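In what follows, chains carry the letters A, B, and so on, assigned in the order in which the sequence lines appear, proteins first and then strands, with residues in each chain numbered from 1. Everything numeric in this text was worked out from a predicted model, so none of it was measured.
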Protein chains: 2
Amino acid sequence: MADMLVEQRQELLLRELHATGAVRVAELAQRFGVSTGTIRRDLQELADLGRLTKVRGGAILLDRASSRPDTADEPAAPPAPEAAPPAGDRTLGLLVPSATYYYPRVLAGVREVAARRGARVVIGLTNVDRPRDVRQIEELCDSGVAGILAATTGPHHLPEETLAALRDCGRPYVLMERQPLDPYEPCQYVITDHRQGAFLAVKHLRSLGHDRVALYLTDTPTASVVREGWTDAVRALGLDPAAPVIDAERTALGSSHAARQYDAFIDGCLAGGVRAALVHSDHDAIELLQRLRARGMRSPEDLALIAYDDEIAALAEVPLTAVSPPKRQLGELAAEMLLDQLDAHPSAPRRVTMQPRLIIRRSCGAKEESG
Amino acid sequence: MADMLVEQRQELLLRELHATGAVRVAELAQRFGVSTGTIRRDLQELADLGRLTKVRGGAILLDRASSRPDTADEPAAPPAPEAAPPAGDRTLGLLVPSATYYYPRVLAGVREVAARRGARVVIGLTNVDRPRDVRQIEELCDSGVAGILAATTGPHHLPEETLAALRDCGRPYVLMERQPLDPYEPCQYVITDHRQGAFLAVKHLRSLGHDRVALYLTDTPTASVVREGWTDAVRALGLDPAAPVIDAERTALGSSHAARQYDAFIDGCLAGGVRAALVHSDHDAIELLQRLRARGMRSPEDLALIAYDDEIAALAEVPLTAVSPPKRQLGELAAEMLLDQLDAHPSAPRRVTMQPRLIIRRSCGAKEESG
DNA sequence: ATAGAAACAATCAACTTCGTTCATCAAGCT
DNA sequence: AGCTTGATGAACGAAGTTGATTGTTTCTAT
């Protein structure tokens, strides 16, 4: 997931350019996590296509070479040397660990609010393969953002180092899907109650008659919370606590190792007479679905599934019932909170927990809801 | 590995493409459990049909220029609140435990939002002397309110009986300054982080040089949380844990019993060499102030005080530094949340914790802040 | 004016992805 | 059984992409 397509990168680049009127090579390289050489090549290409004009240090919108009779010695000025970061007053810096999973929806929410309230958004990418949260935070600050919306890499509870970087940047910030370990740390955040999400899923399966519900977890920040919800639900609803729980390693999708993990999980379920499972991450649920079919079983008949995340659950061959975090609303709310800070709205710091919904589709064996 | 029809696979591929704006060959191959060659063939076919644009590494929508990463978000199924009560009637029922302390500010916030959004507010009173939460909830419902904002009597964590009454009334509700004990209870609330408030106060006194901070608590729902904050702060900041803590009984103002409690507290402080205290409830802080003066002592010189609640702290003879919960904003937010529900805004249930502020005045001995 | 810093273009090696070709396999038909 | 068809996986050389390096140009501060 680390890399995006060239076209995606250039698209983002252009978007940024149109939003600010100017982009800088070094900045873009940082943000996208590629070398300056690559950015230069992108700029060259886009310039050849007439989509922008290269100038020293970066690129600007149109061709403007001939106007400006004055300041002939300053032709390259427009890319806004960091002295005047483009209208930095109301620019929100957004730090996300993935440009392709989960966070696009969050971003959409942020965008909407920003647009409505007349603010701009710039994105800094970080990810598991190459975590560089602190670096990106500093970059965003240097580029003159007024505040930061941060969904960091790493665990649900921010490491002190990252938190320090945010504190030190001297700008308001709002965490998204992350929170500090110390409850007394004065900061704002918006998180989804994944624990509740897992609980909802188990409860639903329970209501469909299952008294054993397996759990498949992948190694992500969310896993521990999902497990908590599952555990609590199992206890509270009187289910069999011996149902299989697998902590799958993060694998290259489709690797034989992955296949083995799916098989082990299925075997575990069969052995224990378990006919229902909560599977963390849509992708794994989809893979599991295929593995099931490959072995001559079907969902929901042989194994009722509920996926966690609802990114692409609807697209599975058997549409997956899924726990759906309110990603878009989360983005909206975080943006609102940050903008409130920036606009000196005297609003008290808030910590918000949002509840996910359960979206009933086919894979759990219940009657499907309309919608 | 599997037997998926070609058409099926391509259909899924397209849906994924539309959902995320871009797909990668390698990723798809792994997800579908086929070789990259197969995916390439798929892409070629679909590209020939003009359904997507192939690019190196994968495919994007259409012809770049118009690829939109932020596509439709969630299915956005309106949760359809059970047959919306008397459509159009938008009366909010407000349940508060006091019409004179703390809640007037909250009410002001509720009123403002209600007015702005064209709703009415009716109030039901309950209180410590005559708790009748359940009764009042039923009353409010009978009188036809569309939803309830509830700050109940009793402990911070709602008793099951009260919660049941709210659930049973069949209308949306939002708790204010209260929350259910069960974290899985699906309900919305807005609370103030009084623990943080107490922590802030102790921390401030610590920064003024006090290494012993006494605590005066009255028997209210907030007391236990304030104590928690005090305890955590004492531990975290390395203060003397032996400083006096008094759990005062709720007394008639000015009674001799009250006076005895204040005296006991002051004596305790004197005996332990404690020169700073956090006093829960403005009223008690003010009384304490008078008692101090009656005994020839002054604040902050002899005893630095921080009051908790900031209702009338500013009006004391020595203006009291106080922890100030964002009461008005709390009311506003709760009202917004309830109205969102009523208006079938498909908004995810939220749980909000608001952070109180510390307002520096004279009684703590620090330089006073403006504002 | 000049030294030093920053930005640049060109180039290369490592790597990924591409398209083609070929062998395999299953299903349907003769 | 034998043949055909279509889908697929594997292999391989070709082509595209990228990070690093290098030498040059441009800018800035002294």
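Every salt bridge (Lys or Arg N to Asp or Glu O under 4.0 Å) that A/Arg9 has, sequence neighbours left out, goes to A/Asp42. Not counting sequence neighbours, A/Gln341 has no partner by the side chain to side chain donor-acceptor pair (under 3.5 Å) test.
Aromatic ring orientation, A/Tyr262 versus A/Tyr216: parallel (interplanar angle below 30°, classes split at 30° and 60°).
What separates CD of A/Gln44 from P of C/dA10 is a distance of 8 Å, to the nearest Å. Atom CD1 of A/Ile39 is separated from atom C1' of C/dA6 by 17 Å (rounded to the nearest Å). Atom CG in B/Leu43 sits about 16 Å away from atom C1' in D/dA7, given to the nearest Å.
Here B/Arg40 does not reach the OP1 or OP2 of D/dT8: none of its side-chain N or O atoms lies under 4.0 Å away. Under 4.0 angstrom from either OP1 or OP2 of C/dA9 there lies at least one side-chain N or O belonging to A/Lys54.
We find that A/Arg24 and A/Glu16 are not joined by a salt bridge, their nearest charged nitrogen and carboxylate oxygen being 4.0 Å or further apart. Ionic pairing of A/Lys327 and A/Asp310 is not present here: no N-O contact between side-chain nitrogen and carboxylate oxygen is shorter than 4.0 angstrom.
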Between protein and nucleic acid, restricted to nucleotides 11-18 of chain D and to nitrogen or oxygen atoms under 3.5 Å apart, what atom pairs and distances do you find?
{"unit_1": "D/dG16", "atom_1": "O4'", "unit_2": "B/Arg56", "atom_2": "NH1", "d": "3.2"}
{"unit_1": "D/dT18", "atom_1": "OP1", "unit_2": "A/Arg9", "atom_2": "NH1", "d": "3.1"}
{"unit_1": "D/dT18", "atom_1": "OP1", "unit_2": "A/Arg9", "atom_2": "NH2", "d": "3.4"}
{"unit_1": "D/dT18", "atom_1": "OP2", "unit_2": "A/Arg9", "atom_2": "NH2", "d": "3.3"}

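Rounding to the nearest 0.5 Å places OG of A/Ser281 at 11.5 Å from CG of A/Asp219.
Within 4.0 Å (heavy atoms only), B/Gly57 reaches sugar-phosphate atoms of the nucleic acid but no base atom.
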